[in-house]
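Following: one structure in structure tokens, then a few remarks.
All chains are named by letter (A, B, ...) in the order of the sequence lines, taking the proteins before the strands, and each is independently numbered beginning at 1. Predicted model only: the values in this text are computed from it and were never measured.
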Amino acid sequence: MNDSLPVSSFRRAVWRWTRTRERPLPWRGERDPYRICVSEVMLQQTQASRVVQPYLDFLARFPSVSELAAAEPADVLRAWGSLGYPRRALNLWRTACAVVERGGFPRSVDELVTLPGIGPYTARAIATFAFDAHVGIVEANVRRVYERCFGSGDMQSVADAMTPRGSSARWNQAMIDLGAEVCRPRDPRCESCPVRSMCSWDGVLGASKKPAPPFETTLRFARGRIVDALREREATRAQLLRRTNLPQMRIEDALDALLEDGLIHRAGARYALGPSARERSRPTSLTK
DNA sequence: AACACGGGGCG
DNA sequence: CGCCCAGTGTT
């Protein structure tokens, strides 16, 4: 299937390029699976530059997987700060609990993907960066490079074929950097691209996505405001109504959704951050 | 395959 | 103001 890929020349070109183009990021070269896991979950749908400080703060607060597992989930949510998608923080805590319970991080992709919040990308990221497993990774940056070069299709198999055995961690880091710094979404710097001669991109940018409704009217926005309000202290529904300036309807729907996710719970007349003590061991979803 | 899910950076 | 981001889970 991928016999036609110019594997050797592509690898040579990227290796040559990567020697001088490394981004100084605190998780670069990290080998500890816990610290890699924290960084990768924070990096989901979040630009690297925005993750640096929260990552350092989070690790200072929870230096090891056992300390994270022993923490109050509400405190983990507070430590998440304003990174967004707070369900990531809750799942990270659940993953820490599962890892402690089983006596350490799994090394295989198949086992890693069973952890809450760890999908196909993050499982492979942990496997390659922590254990140098022979797997390629496909996220936004890498996908863009491979698709522009070789066309759309199964990019995971392309990434796996391109990844050299024995140095997968360095390779995958290099591919991410190539996508982030050269093969950028809007204004790619093709003139300084090491694989330009192998690239078949026609320079046509993708079609724009369907317009989104005003963010302030979405349930997402309401959820965010409520979680932010509860970060400080628990509150009644009336207090939330006053503090968030949200329409009552929105509050109702958002509270229901947040309760379902375990991001908040109800204690008497008040709502508070995190799952209730009873449902802390409840699985992430009802179907899985 | 299509949606929901946050928030901030950038042109 | 619209696009994008080291994606995941659900339907």
Side-chain angles (χ1 to χ4, degrees), chain A residues 22-23 25-30 35-55 77 80-92 94-95 112-130 135-146 152 155-156 159 169 171-181 183-188 205-229 231 244 253-254 256-258 260-263 283-288:
Chain A
E22 289 192 342
R23 292 188 292 177
L25 295 168
W27 48 84
R28 180 174 299 283
E30 181 61 59
R35 299 170 74 91
I36 292 167
C37 183
V38 171
S39 70
E40 290 301 336
V41 171
M42 286 187 169
L43 285 162
Q44 289 168 3
Q45 292 294 288
T46 311
Q47 289 180 331
S49 59
R50 266 192 68 212
V51 169
V52 173
Q53 196 55 51
Y55 168 78
L77 286 167
W80 197 250
S82 61
L83 275 175
Y85 292 141
R87 122 185 343 173
R88 290 185 293 172
L90 192 55
N91 280 335
L92 185 57
R94 290 187 174 122
T95 279
L112 284 164
V113 290
T114 68
L115 297 168
I118 308 299
Y121 163 73
T122 305
R124 286 175 172 81
I126 295 171
T128 182
F129 295 139
V135 292
I137 57 173
V138 180
E139 42 64 87
N141 297 296
V142 176
R143 175 181 303 281
R144 194 168 50 246
V145 177
Y146 284 142
S152 54
M155 289 306 115
Q156 185 61 60
W171 173 263
N172 287 319
Q173 287 283 356
M175 286 301 299
I176 289 174
D177 284 348
L178 184 58
E181 297 180 7
C183 197
R184 317 195 311 189
R186 288 285 149 182
D187 47 346
L205 295 174
S208 32
K209 300 178 177 178
K210 71 173 64 171
F215 187 59
E216 300 75 22
T217 71
T218 62
L219 192 59
R220 242 158 127 152
F221 176 73
R223 292 170 53 115
R225 293 300 303 269
I226 291 174
V227 169
D228 189 49
R231 195 187 310 278
T244 62
D253 292 344
D256 287 345
L258 289 168
E260 177 61 27
D261 289 341
L263 286 170
T284 306
S285 72
L286 284 58
T287 58
K288 187 171 170 182

*asked:* Protein within reach of the bases, or only the backbone? For nucleotides 6-11 of chain B, mark each nucleotide 5' to 3' as B, S or -, using heavy atoms under 4.0 Å.
replied: BBSS--
*How long is the line joining CD of A:Glu139 and P of C:dG7, in whole Å?*
5 Å
*Indicate, with a heavy-atom threshold strictly under 4.0 Å, whether A:Ser208 touches base, sugar-phosphate, or nothing.*
sugar-phosphate
*In whole angstrom, give the distance that lies between atom CZ of A:Arg124 and atom C1' of C:dT8.*
14 Å
*Mind calculating the distance between CD1 (A:Ile118) and P (C:dG7) to the nearest angstrom?*
13 Å
_What's A:Thr218 touching, base or sugar-phosphate or nothing? Going by heavy atoms closer than 4.0 Å._
nothing
*Rounded C1' spacing from C:dT8 to B:dG9 in Å*: 23 Å
*asked:* What's A:Arg184 touching, base or sugar-phosphate or nothing? Going by heavy atoms closer than 4.0 Å.
replied: nothing
*Measure the distance from CD on A:Glu260 to C1' on B:dA4 and round it to the nearest whole Å.*
14 Å
_For the C1' atoms, the ones on B:dG8 and on C:dG9, what distance do you get once it is rounded to whole angstrom?_
23 Å
*For the student: nearest non-hydrogen atoms of A:Ala123 and A:Leu112, plus distance*: O-CD1, 3.4 Å
*B:dC3 to C:dC3 separation - P atoms, rounded to the nearest Å*: 16 Å
*Once you round it to whole Å, what is the distance between C1' of B:dC5 and CG of A:Asp253?*
15 Å
_Over all strands shown, is A:Ala125 touching base, sugar-phosphate only, or nothing at heavy-atom distances under 4.0 angstrom?_
nothing
*asked:* Distance check needed: B:dA2 C1' versus A:Lys210 NZ, whole Å only.
replied: 8 Å
*asked:* Students often get this wrong, so: under 4.0 angstrom with heavy atoms, is A:Pro211 touching a base, only sugar-phosphate, or nothing?
replied: nothing
_Restricting to side-chain hydrogen bond (donor to acceptor under 3.5 Å, both in side chains), what partner residues turn up for A:Gln44, sequence neighbours left out?_
A:Thr122
*Please list, chain by chain and in numerical order, all residues satisfying salt bridge (Lys or Arg N to Asp or Glu O under 4.0 Å) with A:Arg225, sequence neighbours excluded.*
none
*Between C1' of C:dC1 and NZ of A:Lys209, the distance in whole Å*: 16 Å
*side-chain hydrogen bond (donor to acceptor under 3.5 Å, both in side chains) against A:Gln156, all qualifying residues, sequence neighbours excluded*: A:Asp160
*If you take all heavy atoms of A:Pro213 and A:Thr218, which pair is closest and at what distance?*
CG-CG2, 4.1 Å
_Checking A:Arg50 now: which residues fulfil side chain to side chain contact (heavy atoms under 4.5 Å, CB included) with it, not counting sequence neighbours?_
A:Thr46, A:Leu83
*Spacing between A:Ile176 atom CD1 and C:dC5 atom P, to the nearest angstrom*: 13 Å
*Residues in ring pair (Phe, Tyr, Trp, His ring centres under 6.0 Å) contact with A:Phe221, at least two apart in sequence or another chain*: A:Phe215
*Can you tell me how far P in C:dA6 sits from the matching atom in B:dG11, rounded to whole Å?*
15 Å
